[in-house]
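This one's a predicted model, so the numbers in the text were calculated from it and none came from an experiment. These values consider heavy atoms only, across backbone and side chains, with no hydrogens, waters or symmetry-generated copies.
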Protein chains: 2
Amino acid sequence: MSRMAAKDRREELIAAAFRVMVRDGVVKTTTRAVVNEAKMPLGVFHYCFNSREELLQEVITRITDSGVAKARNVFEGEGDLGARIARSLYTFWEGVELSPGEHQVGYELTHYALRQEGFEDLARRQYAHYLEVHEQLLAEAAESAGITWTVPLPVLARYLNAVLDGVTLCWLADRNSENTREVLRLTGEHLMSLAAKDA
Amino acid sequence: MSRMAAKDRREELIAAAFRVMVRDGVVKTTTRAVVNEAKMPLGVFHYCFNSREELLQEVITRITDSGVAKARNVFEGEGDLGARIARSLYTFWEGVELSPGEHQVGYELTHYALRQEGFEDLARRQYAHYLEVHEQLLAEAAESAGITWTVPLPVLARYLNAVLDGVTLCWLADRNSENTREVLRLTGEHLMSLAAKDA
DNA sequence: CGGCGTCTTGGACGATCGACCAACTATGAT
DNA sequence: ATCATAGTTGGTCGATCGTCCAAGACGCCG
């Protein structure tokens, strides 16, 4: 193998691990599967990571910080509040249908973290981040549309997050896209009914 | 060990497996952990089950048919539509806070089934069942309250299922009960706004 | 009593896993 | 050129897993 800095190899292994997760699931993401995906000898692994847990932890933080959540970060653009909400929900859903595996991995990692001693904080932070992103999104949308939410922002963000997680989870099981889109449309209308024009 | 019919031993093993799942998670529910929980020798396992997968499949169908979903089956009782909806959502949430592990196991099993070759149908059926229950609940509530839903029942059921799954998943991570209850209250009000009095 | 299913049991097998290590090699500073 | 540092490699260890089996024990029916 050509010589490479341990830092760089770490990054490649993290990327390889994520690909394996998407393809085969978190449980089957073994050290051997990862180095095989990255086309590296097995010995490399514990030279770059102290343990398998350390790798998974790294993947979780990457996903949390800038991965799947990015697809939700799309309240930008033109139009009134209704159009922007509808477009945001549509864009989110586009992301799910485009790469279901990535979202599936997100949930698997959450449950993995919840079961792993000392990893509960990772799951906690994961959802704290999601809620924060949604909160910020809703706040920006309200400001640029000149409205005020009639529901406390943390509650509204949690509601939005719940609907998105819920429809995704259900769709991963039954792949009913049509009804899912209808649910998102319904949710969009509901959100609009919770906006009050500023004085 | 006292002599016992294989059928009966199966049931005890299924129950033991469920307890292990709730306590340690699906991944750590090994054949040895199960027989240990049931206080049976290891050899019993493959006398009662052809494989570990067969046991997990049995647990999934039990949960799907009458387990966790039962907690949602509570639209019964007195009062107007608003009171009944609020009480139903509250009862559901009571169930989650009372035994979070059981709900957590439900999600873990869903993801397990989605990854297991040939088990996708189990996850499919699981959610088909949930949606059916919610649909029936909403239909009964509408009839006894003399209202009609202004949204197609399958869509409304999926929406309700999504919110419940979503808030549960989020709460399992951050344990924020207060905001979760607010989300459920908000959802209840939303549902009421989707009811039209019959002519 | 004798036989025949049904059930019980402890041990063993091969596979796979995370982790570890010793030997080797390349690189760059002195 | 020397040497310390950093990186590479293949093999191996012990643990754990699902699965299987042979030998025995029980209970029922003839």
Kindly say whether A:Ala83 contributes a backbone atom to a donor-acceptor pair with the side chain of A:Asp80 at under 3.5 angstrom?
yes
Rounding to an integer number of Å, can you tell me how far A:Leu56 CG sits from C:dC17 P?
14 Å
Is there side-chain contact between B:Glu140 and B:Arg84, with heavy atoms separated by less than 4.5 Å?
no
How would nucleotides 18-27 of chain C be written as a contact map, 5' to 3', with B for base contact, S for sugar-phosphate-only contact and - for no contact, using protein heavy atoms under 4.0 Å?
BB------BS
Test: side chain to side chain donor-acceptor pair (under 3.5 Å). Region: residues 18-28 of chain A. Which pairs qualify, not counting sequence neighbours?
A:Arg19-A:Glu37, A:Arg23-A:Glu37
Between D:dT19 atom P and B:Leu55 atom CG, what is the distance in whole Å?
10 Å
Would you call the rings of A:Tyr127 and A:Tyr130 parallel, tilted or perpendicular if under 30° counts as parallel and over 60° as perpendicular?
perpendicular
Look at all strands and tell whether B:Met4 reaches a base, only sugar-phosphate, or nothing, counting heavy atoms closer than 4.0 Å.
sugar-phosphate
Which one, C:dT9, C:dC7, D:dG7, comes nearest to the side chain of A:Tyr47?
D:dG7
What is the distance from CG of B:Asp8 to P of C:dC7, rounded to the nearest Å?
9 Å
Just the rounded figure in Å: distance from C1' of D:dG7 to NZ of A:Lys7.
15 Å
Answer yes or no: is there a donor N or O on one side and an acceptor on the other, between the side chain of A:Trp93 and the main chain of A:Leu184, under 3.5 Å?
no
Counting distance only, does the side-chain N/O of B:Thr110 pair as donor-acceptor with the main-chain N or O of B:Ala123 below 3.5 Å?
no
